[in-house]
Amino acid sequence: MGKNRQDRSTSGGSKAVDYSVNSAAENKSLKLREKIYIAVAIVVVLVSVAGIIALRYNRNDTFSLLLAEETELYDLSIINSATVEDFMEIKGIGEVKANAIVNFRESIGGFTDINQITYIDGISDATLEKIIEHFYGEGTETEE
């Protein structure tokens, strides 16, 4: 009977050892999978955030694309010194939009690119075109 007890405990012990070895390997595999899932999730979140930011600040409107290089030629001191009343003289710009332009301009320390005006909600490329025509006239850009 003593021999049977040894056999049982030996075989039971070996099963426990085999089970714990398999469990450790499975745990290692699960940890690796979990790390991969977390890494993939982080990449997806970062790409999504970058896409949202790009969509928010990227203006692919036709007028902006046409004027992308030309707008660097405008004397921005004119726009940067314009008053709310100056902007209100433009058809389609009321007091609310004019204040939004001036407030935004002040918050960024002045426009460095005329296209920055389109970052303001409610200011479209068509409105930007009207602003340029009002302050600079058609085809009267000045070189810096």
Side-chain angles (χ1 to χ4, degrees), residues 1-88 90-136 139 141-144:
M1 193 164 187
K3 188 176 181 184
N4 282 343
R5 279 188 178 178
Q6 274 186 328
D7 288 343
R8 279 189 223 163
S9 67
T10 305
S11 67
S14 67
K15 284 184 181 178
V17 170
D18 288 343
Y19 180 74
S20 66
V21 168
N22 287 339
S23 178
E26 287 175 5
N27 284 342
K28 196 174 193 179
S29 175
L30 282 175
K31 287 180 182 176
L32 179 62
R33 259 188 259 145
E34 288 171 356
K35 288 178 182 177
I36 291 170
Y37 291 146
I38 290 170
V40 168
I42 290 171
V43 168
V44 167
V45 168
L46 290 175
V47 168
S48 298
V49 168
I52 290 168
I53 291 170
L55 285 173
R56 174 71 175 114
Y57 292 104
N58 187 14
R59 297 291 183 154
N60 285 329
D61 299 325
T62 319
F63 185 71
S64 291
L65 291 175
L66 292 174
L67 288 181
E69 292 178 11
E70 293 178 17
T71 57
E72 295 174 3
L73 302 176
Y74 292 104
D75 179 9
L76 295 176
S77 66
I78 296 170
I79 293 290
N80 284 329
S81 62
T83 64
V84 171
E85 291 76 20
D86 294 334
F87 284 107
M88 288 176 56
I90 301 168
K91 184 178 180 182
I93 296 182
E95 187 175 356
V96 172
K97 282 185 187 178
N99 276 314
I101 294 169
V102 171
N103 290 336
F104 180 71
R105 178 186 70 202
E106 290 173 2
S107 73
I108 63 171
F111 295 115
T112 57
D113 180 349
I114 203 159
N115 284 315
Q116 290 174 312
I117 295 172
T118 62
Y119 297 168
I120 302 164
D121 286 339
I123 305 293
S124 65
D125 288 333
T127 304
L128 175 61
E129 187 174 2
K130 290 177 187 175
I131 291 170
I132 291 171
E133 288 174 6
H134 177 79
F135 288 106
Y136 300 102
E141 38 312 322
T142 58
E143 294 189 27
E144 292 180 14

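Computation of the quantities below employed the complete heavy-atom set of this structure, encompassing side-chain atoms and omitting hydrogens, waters and symmetry-equivalent molecules. Start at 1 with the first residue, then count along the sequence.
The distance from the CD1 atom of I90 to the CD1 atom of I101 is 6.5 Å, given to the nearest 0.5 Å. To the nearest 0.5 Å, atoms CD1 (I93) and NE2 (H134) are separated by 8.5 Å. To the nearest 0.5 Å, the span separating OG1 on T118 from CD on E129 amounts to 13.0 Å. Note that NZ of K35 is 7.5 Å distant from NZ of K31, once rounded to the nearest 0.5 Å. The CD atom of Q116 sits 13.5 Å away from the CD1 atom of I123 when rounded to the nearest 0.5 Å.
Judged by distance alone, with hydrogens and angles left aside, the side-chain atoms of K97 form a donor-acceptor pair with the main-chain N or O of G122 at under 3.5 Å.
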Under 3.5 Å, which donor-acceptor pairs link side chains of residues 78-87 to any protein atom two or more places apart or in another chain?
| residue | atom | partner | partner atom | Å |
| --- | --- | --- | --- | --- |
| N80 | OD1 | F111 | N | 2.6 |
| N80 | ND2 | L76 | O | 3.2 |
| N80 | ND2 | F111 | O | 3.1 |
| S81 | OG | S77 | O | 2.8 |
| S81 | OG | I78 | O | 3.3 |
| T83 | OG1 | E85 | N | 3.4 |
| T83 | OG1 | E85 | OE1 | 3.4 |
| T83 | OG1 | D86 | N | 3.1 |
| T83 | OG1 | D86 | OD2 | 3.2 |
| D86 | OD2 | T83 | N | 2.9 |

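Test V45, I38, V40 against I42 for side-chain contact (heavy atoms from CB on, under 4.5 Å) and you get one pass: I38.
Closest non-hydrogen pair, M88 versus E95, comes out as SD-CA, 3.7 Å. Closest of all the heavy-atom pairs between K91 and K130 is O-CD, 3.4 Å.
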